[in-house]
Amino acid sequence: MKCLSVCFAVFVTMFISACSSDHKTPAVDQAIDNQSRDVLRWEATAKNVTITRDNWGIPHIKGKTDADAVFGMLYAQAEDDFNRIERNYINAMGRLAEDLGEDELYRDLRMKLFIQPEQIKKQYEESPQWLKKLMVAFADGLNYYLHTHPEVKPKVITRFEPWMALTFSEGSIGGDIERGVNMARLAEFYGNDMANVPYPTKPTHSPDQLTSEPGGSNGFAIAPSRTKNGNALLLVNPHTSFYFRHEAHVQSEEGLNAYGASTWGQFFIYQGFNERVGWMHTSTYVDVIDEYAETVIEKEDGLYYLYGDEHRKLETRLIELPYKAKDGTMQQKQVTAYFTHRGPIVRSHNGKWVSVRLMEEPVKALVQSYIRTKAQNYDEFYAAMKGLTNSSNNTVYADADGTIAYFHGNFVPRRNTAFDYTQPVDGSNPATDWQGIHPLEEHIHIKNPGNGWIQNTNNWPYSAAAEFSPKKEDYPAYYSGTTENYRGIHAINLLTNTTDFDVDSLIDAAYDSHLTGFDVLLPPLFEAFNDLPSSNPRKKALAAPIAALQAWDNRSSVESVPTSVAVFWGMDFMQAVRNRARAADVSVYTYMESMASNDERLISLKSAVDKLARDFGTWQTPWGEINRFQRISPDIRQHFDDDAPSLPVGFASGRWGALAAYGQNYGQGETKRIYGTRGNSFVAAVEFGEKLKAKAITAGGLSNDPSSPHYNDQAAVYVSGKLRDVYFYADDIAANAEETYQPGQR
């Protein structure tokens with residue numbers, strides 16, 4: 001236990017001793033006074049907070065006020081993984097290159113086109129007083145953690161400021177800026193200002209887009225009419241990179257009582273529940289980002305762009321980009337960026353400059369993200385959704401009154417449907433501008449459908465509630481930019497055929513092992529094989545693998561050899577035809593299902609069988625020997641080792657229809673086995689009744705410290721497809737408590 005007041009007194013004494021009376025300045029005295037006041041404030045706040053860690057290491061944070069709870073929440077997050085908190089903020093503020101070097105300069109430029117500290121600070125000052133208190137508590141909790149843990153050395157941010165919370169106010173994995181601005185095209189446009197900085201082709205820490213797990217999540221809401229106990233149920237099943245969010249329970253005497261997953265560094269439960277309501281966000285394909293091809297005109301006094309009959313002057317901003325050079329010194333690049341009234345110029349297209357427009361409402365977004373966690377019924381949650389700033393997500397909802405609901409997107413700009421916004425539109429035509437924002441009443445929305453269930457798997461909304469789903473023809477095309485997917489087909493089959501759900505059977509559905517994609521992908525392969533003449537060498541070479549696949553029930557498991565063959569075939573097949581699918585302007589799945597040739601199917605099967613034999617000694621290798629869970633490194637970019645301990649996993653990628661998505665790292669030249677990196681990361685199943693019941697799991701464990709007992713304590717439960725009990729009530733928390741302490745006392 002640390003005695004903070006003594007530690008601080010020693011610090012002050014040492015500092016004053018080092019600065020003799022001849023050398024002290026008013027600035028030094030002021031710095032000591034400010035630090036002293038900060039520490040006293042932090043210590044006073046800490047006395048209003050208790051953190052109880054249960055036997056899984058999950059923190060149950062209790063504060064007198066909401067601000068006290070936020071203070072404790074961020075302190076607890078920092079205990080579990082300060083590195084990811086800092087990384088999220090240096091990324092959000094465009095400061096990655098200060099840590100990782102010049103390879104990240106274009107990523108920083110992309111963020112700084114939108115995130116401008118002086119503007120954010122002004123928005124902070126204009127924020128509601130209650131929100132400012134929470135932002136102060138956010139910064140105080142992190143700064144107090146750093147104060148009490150001097151051994152932790154931040155890479156860039158040595159002191160957090162309250163306004164920083166507004167730079168990262170929406171908790172999705174990959175926000176609008178990252179989705180809306182192609183970094184390679186940005187580099188091509190601004191490259192002249194960044195001499196000798198290599199153009200990014202893809203992030204150095206990311207796998208190939210094709211082999212990486214598709215982004216997305218699952219959300220199910222079950223009405224009382226289809227449950228065993230007559231209570232509404234909710235499945236919370238985000239598919240993110242592992243360790244992307246922090247599981248916690250946050251309470252205050254002001255009515256906060258939320259449990260779930262928070263993105264590192266944010267002070268609201270992003271996906272989860274309170275005693276009365278629950279919410280699950282899935283990535284949306286509502287069009288919320290648009291590009292405009294601008295007609296730029298050069299004049300003596302600068303650059304202008306055409307807008308109707310006007311020549312409007314392009315705004316210019318000098319963006320400073322500090323970075324750590326290879327010799328460890330700090331250097332800086334400068335870029336002159338251009339802006340129209342819609343947003344920054346981010347690339348060129350067909351000889352024109354292209355500007356981008358997206359939502360820029362950090363205060364409203366942070367308000368909405370927080371107040372929905374305190375909603376007690378559908379009306380209050382609906383009122384929160386009227387903030388219209390949850391721009392990248394759909395929301396599946398359930399509550400203790402038995403209401404289930406679905407919100408498709410939340411930020412929908414109104415547009416002139418005469419234009420095709422899937423391509424850059426003519427920026428010189430004012431008719432292409434947004435015409436306001438659709439109010440919530442005009443959004444795609446479902447409440448208490450007659451079928452008794454709602455599902456979303458990042459598929460379109462037109463199958464969300466069976467025959468009670470909204471109709472595509474009733475909405476502009478920009479309301480949904482996707483179609484059905486294999487996970488959606490899987491979910492619909494399960495939900496349609498079950499009428500007596502409880503928490504356990506909902507979990508069973510969430511982990512159902514059927515890979516629905518192979519229901520449609522394999523029959524054409526079998527036909528291709530049957531069409532081979534008996535004299536063809538492939539007939540004999542592929543007979544045994546084909547027989548294994550034909551006898552397979554299309555379910556993945558640790559023991560299944562056909563799962564190995566099907567997955568390796570599917571990945572090879574996808575890689576082989578993706579360029580032809582792109583040339584045909586169809587999805588790779590459409591091409592694989594109905595447009596590929598027999599040769600393409602069979603060549604990929606032979607390639608897959610050969611790879612299995614080469615890497616594992618035989619193509620008859622069970623899936624669990626190949627597909628593994630391993631956590632041996634606390635680094636943000638995980639490292640894997642075939643010689644280190646790992647656990648077999650029966651799950652498969654969501655690209656093949658697995659609901660319990662398990663996205664794999666395909667070696668990248670480092671390993672032969674494949675290791676999970678994303679997909680099921682936090683999962684919760686919740687029953688709302690007179691008393692809430694819930695079960696949950698976090699991939700691996702909550703702490704990112706390899707020396708912690710909670711670094712990998714959930715791994716075995718995770719790979720089993722089982723969930724542990726959630727301790728929500730005081731008696732359960734006390735009965736399963738590992739330790740209780742105040743911030744600064746651990």
Side-chain angles (χ1 to χ4, degrees), residues 56-58 80-81 84 173 205 207 211-214 216-218 237-247 261 507 510-513 515 555-561 563-564 567-568 571 615-616 621-656 658-668 670-684 695-724:
W56 295 100
I58 311 301
D80 290 326
D81 198 342
R84 278 184 168 82
I173 182 164
H205 57 277
T211 58
S212 64
E213 180 67 9
S217 305
N218 302 327
N237 185 196
H239 295 166
T240 68
S241 53
F242 292 168
Y243 326 119
F244 182 73
R245 295 199 174 104
H246 181 254
E247 183 178 349
I507 294 169
Y511 282 84
D512 186 83
S513 61
L515 303 183
R555 290 185 173 275
S556 65
S557 70
V558 167
E559 302 84 8
S560 172
V561 169
T563 302
S564 304
V567 170
F568 272 62
M571 291 307 302
D615 289 351
F616 303 103
T621 303
W623 182 231
E625 287 296 313
I626 301 168
N627 191 45
R628 313 290 287 189
F629 180 90
Q630 186 179 80
R631 191 178 193 188
I632 58 174
S633 167
D635 295 345
I636 291 176
R637 185 193 177 197
Q638 297 169 68
H639 300 282
F640 302 101
D641 184 348
D642 284 342
D643 294 326
S646 61
L647 295 171
V649 180
F651 317 142
S653 168
R655 71 173 66 254
W656 312 123
L659 291 172
Y662 192 72
Q664 300 96 353
N665 172 299
Y666 281 82
Q668 298 180 37
E670 301 169 3
T671 64
K672 288 185 169 60
R673 283 174 158 176
I674 53 181
Y675 297 91
T677 57
R678 60 180 296 133
N680 271 22
S681 48
F682 169 75
V683 187
K695 294 186 177 184
I697 196 72
T698 287
L702 194 65
S703 173
N704 198 44
D705 178 1
S707 68
S708 167
H710 303 299
Y711 177 68
N712 216 28
D713 59 333
Q714 296 186 54
V717 184
Y718 174 87
V719 302
S720 74
K722 305 299 182 184
L723 276 64
R724 51 177 173 72

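Small disclaimer: the values here were computed from a predicted structure and weren't measured.
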Applying side chain to side chain contact (heavy atoms under 4.5 Å, CB included), name anything that partners Asp713, two or more places apart in sequence or on another chain.
Trp56, His710

Any side-chain to backbone donor/acceptor pair from Asp81 onto Arg84? Under 3.5 Å, distance only.
yes

Could you list the residues that satisfy side-chain hydrogen bond (donor to acceptor under 3.5 Å, both in side chains) with Glu247, not counting sequence neighbours?
Tyr259, Thr698, Arg724

Considering residues at least two apart in sequence or located in another chain, which fulfil the side chain to side chain contact (heavy atoms under 4.5 Å, CB included) criterion with Val649?
Asn627, Phe629, Phe651, Tyr662, Val719

Excluding sequence neighbours, so at least two apart, what forms salt bridge (Lys or Arg N to Asp or Glu O under 4.0 Å) with Glu559?
none

Heavy-atom closest contact (Ile697 atom, Gln714 atom, distance):
CD1-OE1, 3.5 Å

Applying side-chain hydrogen bond (donor to acceptor under 3.5 Å, both in side chains), name anything that partners Asp512, two or more places apart in sequence or on another chain.
His490, Arg555

Shortest non-hydrogen contact from Arg631 toward Gly701
NH1-O, 3.0 Å

Does any pair with a residue in residues 640-654 pass salt bridge (charged side-chain N to carboxylate O under 4.0 Å, His left out), and if so which ones, sequence neighbours excluded?
none

Counting C-beta onward and ignoring hydrogens, is there a side-chain heavy-atom pair between Arg245 and Phe682 closer than 4.5 Å?
no

How about Asn237 and Asn680: does a side-chain donor come under 3.5 Å of a side-chain acceptor?
yes

Considering all heavy atoms of both residues, which atom of Val683 and which atom of Leu723 are nearest to each other, and what is their separation?
O-CD2, 3.8 Å

Approximate separation, where rounding is to 0.5 Å, of Arg678 CZ and Phe244 CZ
9.0 Å

What is the distance from atom NE2 of His639 to atom OG1 of Thr671, rounded to the nearest 0.5 Å?
12.5 Å

Could you tell me which residues satisfy side-chain hydrogen bond (donor to acceptor under 3.5 Å, both in side chains) with Asp705, sequence neighbours excluded, listed by chain and number?
Ser707

Of all residues at least two apart in sequence or in a different chain, which pass the salt bridge (Lys or Arg N to Asp or Glu O under 4.0 Å) check with Arg628?
none

First locate atom CG of Asp80, then atom NE2 of His246, and finally report the distance between them rounded to the nearest 0.5 Å.
3.5 Å

The ring-ring contact (aromatic ring centres under 6.0 Å, His included) partners of Tyr711 (sequence neighbours excluded) come to none

Identify the heavy atoms of Pro622 and Val561 that sit nearest to each other, and give their distance.
N-CG2, 3.9 Å

If we count only N and O atoms by modelled type, under 3.5 Å, do the side chains of Ser564 and Thr621 hold a donor and an acceptor together?
no

So, for Gln630 and Tyr675, which heavy atoms are closest and what is the spacing to 0.1 Å?
CB-CD2, 3.7 Å

Closer than 3.5 angstrom, by distance alone: can the side chain of Ser653 be matched with the main-chain N or O of Trp656 as a donor-acceptor pair?
no

Value for CG (Leu659) from OG (Ser217), rounded to nearest 0.5 Å, stands at 12.0 Å

Determine the minimum heavy-atom distance between Ala652 and Ala658, stating which atoms define it.
O-CB, 3.2 Å

Should Ile626 and Phe568 count as side-chain neighbours, where that means a heavy-atom distance under 4.5 Å?
yes

To the nearest 0.5 Å, tell me how far Lys722 NZ sits from Tyr511 OH.
10.0 Å

Set of side-chain hydrogen bond (donor to acceptor under 3.5 Å, both in side chains) partners for Ser556, sequence neighbours left out
none

List in chain and number order the residues that pass ring-ring contact (aromatic ring centres under 6.0 Å, His included) with Tyr243, two or more places apart in sequence or in another chain; answer none if no residue qualifies.
none

